[in-house]
Protein chains: 2
Amino acid sequence: MTPEILLKLLSDQTRLRSLMLLMQEGELCVCELTYALDLIQPKISRHLAALRDMQVVIDKRAGQWIYYHINSKLPAWANELLQATLKGSLDEKQYKRDIKKLKSMKNRPENRICA
Amino acid sequence: MTPEILLKLLSDQTRLRSLMLLMQEGELCVCELTYALDLIQPKISRHLAALRDMQVVIDKRAGQWIYYHINSKLPAWANELLQATLKGSLDEKQYKRDIKKLKSMKNRPENRICA
DNA sequence: TACATATATATGCTTATCCGTATATATTGT
DNA sequence: ACAATATATACGGATAAGCATATATATGTA
């Protein structure tokens, strides 16, 4: 992991929004992100794949769902960078909207299964 | 300034390398950056203009030279983000090479004029 | 004034990146 | 086995981003 790689990944809005939600929520499946960000599923999957390829996020299957979370083994500088980004995002409309939309989701898989 | 804007600016190598040198050195003119990064002048100027347009850097004329420095009034999260980026860059070959090249520059304008 | 140096910007081109659609794979439930 | 749900990926097209060259502007110097 290098600053170049991480920053390129963070330069796309879909990846940025996904990561900020993952920072806040810890773990989310594709359908939750698709709902929260109000985007089509292949778009979410494609960008999560890019993050996964560089090991910024880790995926984990649970039944039909695949959950993503931020790699806990990122170097310190990368965690600090993500923290700073989250701090800057807290004021942003887009971020607030995404969180709100996620909270409003009915039948979230984690509410149905015992994780 | 939003995370989206700053991260997009940081996603280009020329801008990233320029900013890291500015973080380290405080203030540099276009010709110093051109020399240190080993790139052509219009390329440096173009990317500095992008950073200036979003007020990530401030320019200041001193005779024929125009010096750039990082805006000291950036929000805290942006400074933290840049600090984390620098921290991650310290290990990188490219960064070390750029710093070394800068130090090797003869007749640096700041060495000739009384700033 | 004329020339040299430093910097900025406009232009047309190339390339990278992102997109939506279609489709493939995996899992669960009937 | 079949249908439904969740996710991943391949593909061709669109858009954005970066590039080098050429040129314009500003400053300093002879």
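The chains referred to below are lettered A, B, ... by the order of the sequence lines, with proteins before strands, and numbering in each begins at 1. Heavy-atom basis, side chains included; hydrogens, waters and symmetry copies ignored.
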Q) Roughly, in whole Å, what's the span from CG in B/Asn107 to P in C/dA4? A) 19 Å
Q | Pairwise 5' ranking along DNA chain C for B/Ile66 and A/Arg15, keeping only the more 5' one | A | B/Ile66
Q. Which nucleotide, C/dT21, D/dA6, D/dG18, lies nearest any side-chain atom of A/Gln64?
A. D/dA6
Q | B/Lys60 NZ - D/dT27 P separation (whole Å) | A | 16 Å
Q. Within the structure, does a side-chain N or O atom of A/Arg46 lie under 4.0 Å from either OP1 or OP2 of C/dT17?
A. no
Q. Counting N and O atoms only, with roles assigned by atom type, does the side chain of B/Ser104 sit under 3.5 Å from a partner on the main chain of B/Lys101, one being a donor and the other an acceptor?
A. yes
Q.
Quick check for you: among D/dT7, C/dT21, C/dT17, whose closest atom lies nearest to any side-chain atom of A/Pro42?
A. C/dT21
Q) Taking A/Arg52 for the side chain and A/Asp59 for the main chain, is one N or O donor matched with an acceptor at less than 3.5 Å? A) no
Q: Grab the CG-P distance between B/Asp38 and D/dC19 for me, whole Å please.
A: 14 Å
Q. Quick one: is D/dA6 close enough that its OP1 or OP2 comes under 4.0 Å of any side-chain N or O from A/Tyr35?
A. no
Q) Does OP1 or OP2 of D/dT9 have a side-chain N or O of A/Arg52 closer than 4.0 Å? A) yes
Q. Roughly how many Å is it from CG in A/Asp12 to C1' in D/dA16, rounded to a whole number?
A. 12 Å
Q: Tell me whether A/Leu51 is reachable from A/Ile58 by hopping between hydrophobic residues (I, L, V, M, F, W, Y) whose side-chain heavy atoms are closer than 4.5 Å.
A: no
Q.
Please report the distance, rounded to the nearest Å, between NZ in B/Lys8 and P in C/dA16.
A. 18 Å
Q. Which residues satisfy the side chain to side chain contact (heavy atoms under 4.5 Å, CB included) test with A/Ile5, sequence neighbours excluded?
A. A/Met1, A/Thr2, A/Leu9, A/Met54
Q: In whole angstrom, give the distance that lies between atom CZ of A/Arg108 and atom C1' of D/dT5.
A: 18 Å
(Q) Would the base of D/dA8 count as contacting A/Gln41 through its side chain, where contact means a donor and an acceptor less than 3.5 Å apart? (A) yes
Q. Between A/Ile44 (CD1) and C/dT21 (P), how many Å, whole number?
A. 15 Å
(Q) Which nucleotide wins on minimum distance to the side chain of B/Ala49, given the candidates D/dA8, C/dT9, D/dC19? (A) C/dT9
(Q) Please tell me if B/His47 has a side-chain N or O lying less than 4.0 Å from either OP1 or OP2 of D/dA17. (A) no
Q. Rounded to the Å, how far apart are A/Lys43 NZ and C/dT17 C1'?
A. 12 Å
Q) So, is B/Arg61 near the phosphate of C/dA6, with a side-chain N or O under 4.0 Å from OP1 or OP2? A) no
Q.
Just to verify, what does B/Arg61 make a side chain to side chain contact (heavy atoms under 4.5 Å, CB included) with, not counting sequence neighbours?
A. B/Ile66
Q. From D/dT7, C/dG20, D/dA20, pick the nucleotide closest to the side chain of B/Ile40?
A. D/dA20
